[in-house]
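Note sheet for the following structure.
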Amino acid sequence: MTSRSVVVKVGTSSVTDDTGGVDAGVLAGVASDVVALREDGWSVVVVTSGAITAGWAEVGEGRPRPRDAATLQAVSAVGQPLLMHAWRDAFAECSTRVGQVLLAPLDFSHRGQYLHARGTIEALAALDVVAVVNENDAVADEEIRFGDNDRLAALVANLVGASHLVLLTDTPGLLTADPRIDDTATLIEEVTAFDADLLLAAGTSRSGVGSGGMASKLAAAHMATWSGVTTVIAPARAKHALRLAVEDTPGFGTTFYPRPERLSARKSWIAFAVASQGTLVINDGALDALEHHGRSLLRVGVQSYTGGFQEGDAVDVKGLSGETIAKGLVRVSAESFADGDDVVVHRDDLVLLRRR
Ligand code: GLU
């Protein structure tokens, strides 16, 4: 993708109105901003939520929203085409076509599948079609679902090598406190580091319909900024929200600035996309070798390990205190740990995760 590329995620509370139906006005606003940005040379991928809510508005007949996974998955299957129809209409107003891409966590875990998804999104761009992504809710197993599209959007930003991630939602951004409880809450305009106060400000706030809330937006911003992606949380219903967000407009939304050294696409994939299959606990000597001398992890440095990992699987690497130090792809399976190669995790397959 070009150096200026943005993944914009529109949350359920913004995609749908209070009846649960798709809010065509919001979609029209996002679509016209997307088209304007594309004319300015940006690449844009849309991540949409709202399939379950729109689906229940269609078939629920006013009953309370169901909770069981099988019904919710079926409801998403009703809502997803309604959602795509609405996005198609919104973009058609600006003479632009859309394509649907549904992704599940496994698509991010398998490197081959991951590269395939990236190829499809790139091919859509080459056809001048805007990719509209959602989680494959109808199929993805409850146990392994993302469940919220904030994380999905951060992974997509990483997948396409985006420069920006914009999370459009129903608040002005990240506030110092929950405004429903504390009316002195003010907007945090800029974030350069993730600390305890920030996590406290995010609390566990949720809107009625979305599944993410501020905590999941913060987790997404954390992941994206580590991968070198500038992240903005901004109000979806503001006029030209997407444009204002990518233009870094003072007083508009919360901007999270990326770490200066961007992880390579492959290392971000190891750090954030692929699920860990076990844990290696390393001794202090190995910790020093990894963190201060850029070495590979050798078997002698591993104090203990857990999990049924296979060769090539991702594992967490922890210090003796239990703190996560790194994540990497392991070269030996748990079964043959004692007699495999001396290098357990090669430095090229290792991502250090502590801020130093
Ligand atoms: N994938 C879900 C849907 O389209 C949305 C999850 C979320 O609220 O972020 O209904």
Side-chain angles (χ1 to χ4, degrees), residues 7-24 26-27 30 45-60 64-88 90 98-108 117 131-157 159 165-171 174 202 204-224 231-237:
V7 171
V8 54
K9 179 251 175 182
V10 198
T12 297
S13 58
S14 308
V15 169
T16 57
D17 59 24
D18 9 318
T19 68
V22 176
D23 189 331
V26 171
L27 270 52
V30 173
V45 173
V46 175
V47 175
T48 186
S49 298
I52 294 175
T53 298
W56 192 242
E58 176 84 354
V59 295
R65 182 173 160 139
R67 287 168 182 271
D68 69 291
T71 309
L72 288 172
Q73 292 195 277
V75 169
S76 78
V78 176
Q80 182 61 28
L82 300 175
L83 207 53
M84 282 313 297
H85 196 275
W87 279 112
R88 182 178 192 270
V98 295
Q100 166 184 278
V101 180
L102 299 177
L103 295 170
L106 284 180
D107 299 323
F108 290 89
V132 179
V133 178
N134 194 0
E135 180 164 7
N136 196 350
D137 292 314
V139 174
D141 187 295
E142 181 62 17
E143 299 266 297
I144 52 142
R145 289 183 70 219
F146 292 124
D148 72 76
N149 276 1
D150 299 314
R151 185 172 144 77
L152 172 65
L155 288 170
V156 171
L159 176 78
L165 168 65
V166 175
L167 304 172
L168 293 179
T169 185
D170 57 359
T171 70
L174 178 63
T204 51
S205 68
R206 282 164 180 268
S207 58
V209 287
S211 41
M214 207 36 88
S216 95
K217 284 178 184 54
L218 218 56
H222 198 178
M223 184 192 306
T231 304
V232 187
I233 301 176
R237 287 188 164 79

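Since the structure is predicted, the reported quantities are computational estimates derived from the model, not experimental observations. All ligand and atom numbering here is 1-based and tracks the order in the structure.
Contact atoms of ligand 1 toward Ser49: 4 (O), 5 (C), 7 (C), 9 (O) (distance under 4.0 Å to a heavy atom of the residue).
A donor-acceptor contact closer than 3.5 angstrom links the side chains of Asp150 and Ser216.
Considering backbone and side-chain atoms together, Leu83 places no N or O closer than 3.5 Å to any N or O of ligand 1. Residue contacts with ligand 1: Glu135 is placed with no nitrogen or oxygen under 3.5 Å of a nitrogen or oxygen of the ligand (distance criterion only). Looking at ligand 1, you'll find an N or O of Asp137 within less than 3.5 Å of one of its N or O atoms. The shortest N or O to N or O distance between Thr48 and ligand 1 is not below 3.5 Å.
Relative to atom 4 (O) of ligand 1, the option among Asn134, Leu72, Thr53, Leu152 with the closest non-hydrogen atom is Asn134.
Counting heavy atoms from C-beta on, the side chains of Gln100 and Asn134 never come closer than 4.5 Å.
Judged purely by atom type and a 3.5 angstrom limit, Gln73 uses its side chain to pair as donor or acceptor with the backbone of Asp137.
In this structure, Leu174 CG and Thr169 OG1 are separated by 11.0 Å, a value rounded to the nearest 0.5 Å.
Contact record, Ala157 with Val7: CA-CG2, 3.6 Å, taken as the closest heavy-atom pair.
At a 4.0 Å heavy-atom cut-off, ligand 1 touches Ile52 through backbone and side chain alike.
Among residues two or more places apart in sequence or in another chain, the salt bridge (Lys or Arg N to Asp or Glu O under 4.0 Å) test is passed with Asp23 by Arg237.
The closest approach between any non-hydrogen atom of Gly50 and ligand 1 is below 4.0 Å.
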